[in-house]
Amino acid sequence: MEVEAYRGPDDLASHARFGPSKRNAVMFGSPGVAYVYLVYGMYHCLNVVVEAEGRAAAVLIRAVEPLRGIDEMRSARSAVAESRAAGRGKAAAEAAARRVATMPASRLAAGPGLVCAAFSIDTGMTGRDLCDPDADLRLELGDVAAELPVATGPRIGIDYAAEPWLSLPWRFFVPGNQSLSTGSSR
DNA sequence: GCAAGGATATCG
DNA sequence: GATATCCTTGCA
């Protein structure tokens with residue numbers, strides 16, 4: 001499990017840094033809803049809006065550890081990997097699918113883009129209430145989370161906004177967990 | 001080590 | 001309207 005915190009207009013690394021816009025509008029809205037955006041033209045990232053309405057802040061879900069539904073996550077990952085590699089030929093698509101099929105379950109959602117691929121999340125999820133107990137995508141209290149150790153570190157991929165105070169340890173993760181993103185080892 | 005890929009924010 | 005940029009990933 002690995003997450004990062006992003007604040008409002010005072011956080012140069014946050015999408016809310018320039019105030020409300022069409023893309024980040026939900027960050028200024030009610031807490032507990034999903035904010036999904038497209039990064040690098042091909043990967044989605046899932047955020048959970050926090051803070052009261054009118055105060056933009058969100059938590060980026062960078063990696064999760066699959067506990068149940070592993071087969072479903074694997075087939076979802078395989079589907080996107082296959083279609084993405086399809087442009088490079090049939091052999092490449094089959095190789096990509098096979099790589100997903102043989103990877104350990106702990107790596108199925110070990111990255112922000114991979115979390116969304118495993119859960120079939122796209123920008124259409126933006127604005128959905130993640131606290132609704134009947135929603136098909138929702139947050140629940142886990143029974144093991146409270147006992148897990150939590151480590152902190154600097155956020156990843158925001159070197160462009162490397163103000164001194166921005167290297168605050170706003171990335172939180174379970175140390176030694178097999179499902180951390182590859183970037184987290186930096 | 002770096003290309004792919006598209007929406008978006010920030011300009012002319 | 002054009003273009004630089006990006007909270008990444010997988011292949012060379």
Side-chain angles (χ1 to χ4, degrees), chain A residues 1-28 33-51 56-64 66 73-74 76-104 106-127 130 152-163 165-173 179-186:
Chain A
M1 181 69 178
E2 179 183 346
V3 300
E4 280 177 6
Y6 287 86
R7 290 191 34 149
D10 57 335
D11 184 351
L12 295 187
S14 172
H15 285 170
R17 77 194 113 158
F18 296 122
S21 69
K22 186 174 183 181
R23 174 171 64 157
N24 66 22
V26 298
M27 283 186 72
F28 293 82
V33 309
Y35 168 48
V36 183
Y37 64 88
L38 187 64
V39 71
Y40 297 112
M42 58 189 94
Y43 294 102
H44 296 281
C45 291
L46 171 65
N47 298 255
V48 181
V49 176
V50 295
E51 294 276 7
V59 174
L60 168 67
I61 311 295
R62 285 195 57 85
V64 299
M73 297 174 82
R74 195 183 294 277
R77 280 288 315 278
S78 182
V80 308
E82 202 169 352
S83 69
R84 184 154 298 150
R88 297 197 313 279
K90 189 174 181 180
E94 289 176 357
R98 203 164 60 85
R99 199 166 41 75
V100 173
T102 57
M103 75 169 51
S106 62
R107 305 305 298 168
L108 284 175
L114 304 181
V115 170
C116 291
F119 285 93
S120 299
I121 294 169
D122 61 13
T123 54
M125 289 283 187
T126 290
L130 297 175
T152 61
R155 296 179 292 181
I156 293 173
I158 57 166
D159 297 343
Y160 66 94
E163 303 290 328
W165 68 271
L166 281 176
S167 14
L168 284 169
W170 277 359
R171 181 166 48 93
F172 303 87
F173 57 97
S179 298
L180 299 182
S181 73
T182 54
S184 73
S185 56
R186 277 184 276 174

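Each chain gets a letter, A, B and so on, in the order its sequence line appears, and its residues count up from 1. Just the heavy atoms: all of them, side chains too, but no hydrogens, waters or symmetry mates, feed the values below.
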Spacing between [X] atom [atom1] and [N] atom [atom2], to the nearest angstrom:
X: E2(A); N: dT8(C); atom1: CD; atom2: C1'; answer: 13 Å
X: E94(A); N: dC11(C); atom1: CD; atom2: C1'; answer: 18 Å
X: H44(A); N: dT9(C); atom1: NE2; atom2: P; answer: 13 Å
X: I158(A); N: dC7(C); atom1: CD1; atom2: P; answer: 9 Å
X: L38(A); N: dC7(C); atom1: CG; atom2: P; answer: 12 Å
X: I121(A); N: dC7(C); atom1: CD1; atom2: C1'; answer: 15 Å
X: N47(A); N: dT8(C); atom1: CG; atom2: P; answer: 11 Å
X: L168(A); N: dC7(C); atom1: CG; atom2: C1'; answer: 16 Å

Check [X] against [Y] and note the closest heavy-atom contact, atom names and distance.
X: I156(A); Y: E2(A); answer: CD1-OE2, 4.0 Å
X: A117(A); Y: V80(A); answer: CB-CG2, 3.8 Å
X: A81(A); Y: V100(A); answer: CB-CG2, 3.9 Å
X: R77(A); Y: R107(A); answer: NH1-O, 3.7 Å
X: A58(A); Y: V50(A); answer: N-CG2, 3.9 Å

Subject >> Side-chain N,O (R77(A)) to OP1/OP2 (dG10(C)) below 4.0 Å >> reply: yes
Original post:
Looking only at side-chain N and O atoms, does R99(A) come under 4.0 Å of OP1 or OP2 in dC11(C)?
Top reply: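 Yes.
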Original post:
Does a side-chain N-to-carboxylate-O contact under 4.0 Å join R155(A) and E4(A)?
Top reply: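 No.
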**OP:** For F18(A), report the nucleic acid contact type (base, sugar-phosphate, nothing); a contact means any heavy atom under 4.0 Å.
**Re:** sugar-phosphate
Original post:
What nucleic acid atoms does S21(A) come within less than 4.0 Å of, heavy atoms only: base, sugar-phosphate, or nothing?
Top reply: sugar-phosphate
**OP:** State the pairing partner of dT8(B); accept Watson-Crick or G-U wobble contacts with both distances under 3.5 Å, and report none otherwise.
**Re:**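 Pairing partner: dA4(C).
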**OP:** Name the first nucleotide and the last nucleotide along DNA chain B (5' to 3') that come under 4.0 Å of a heavy atom in chain A.
**Re:** dA4(B) to dT10(B)
Subject >> Test item: H44(A) and F119(A) side chains (from C-beta on) under 4.5 Å apart, heavy atoms >> reply: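 A side-chain contact is absent here, since even the closest heavy-atom pair is not under 4.5 Å.
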Original post:
Which nucleotide, dG10(C), dC11(C), dC7(C), lies nearest any side-chain atom of Y43(A)?
Top reply: dG10(C)
Original post:
Are the ring of Y6(A) and the base ring of dC7(C) both nearer than 5.5 Å at their centres and tilted by less than 30°?
Top reply: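 Yes; by the centre-distance and plane-angle rule, Y6(A) counts as stacking on dC7(C).
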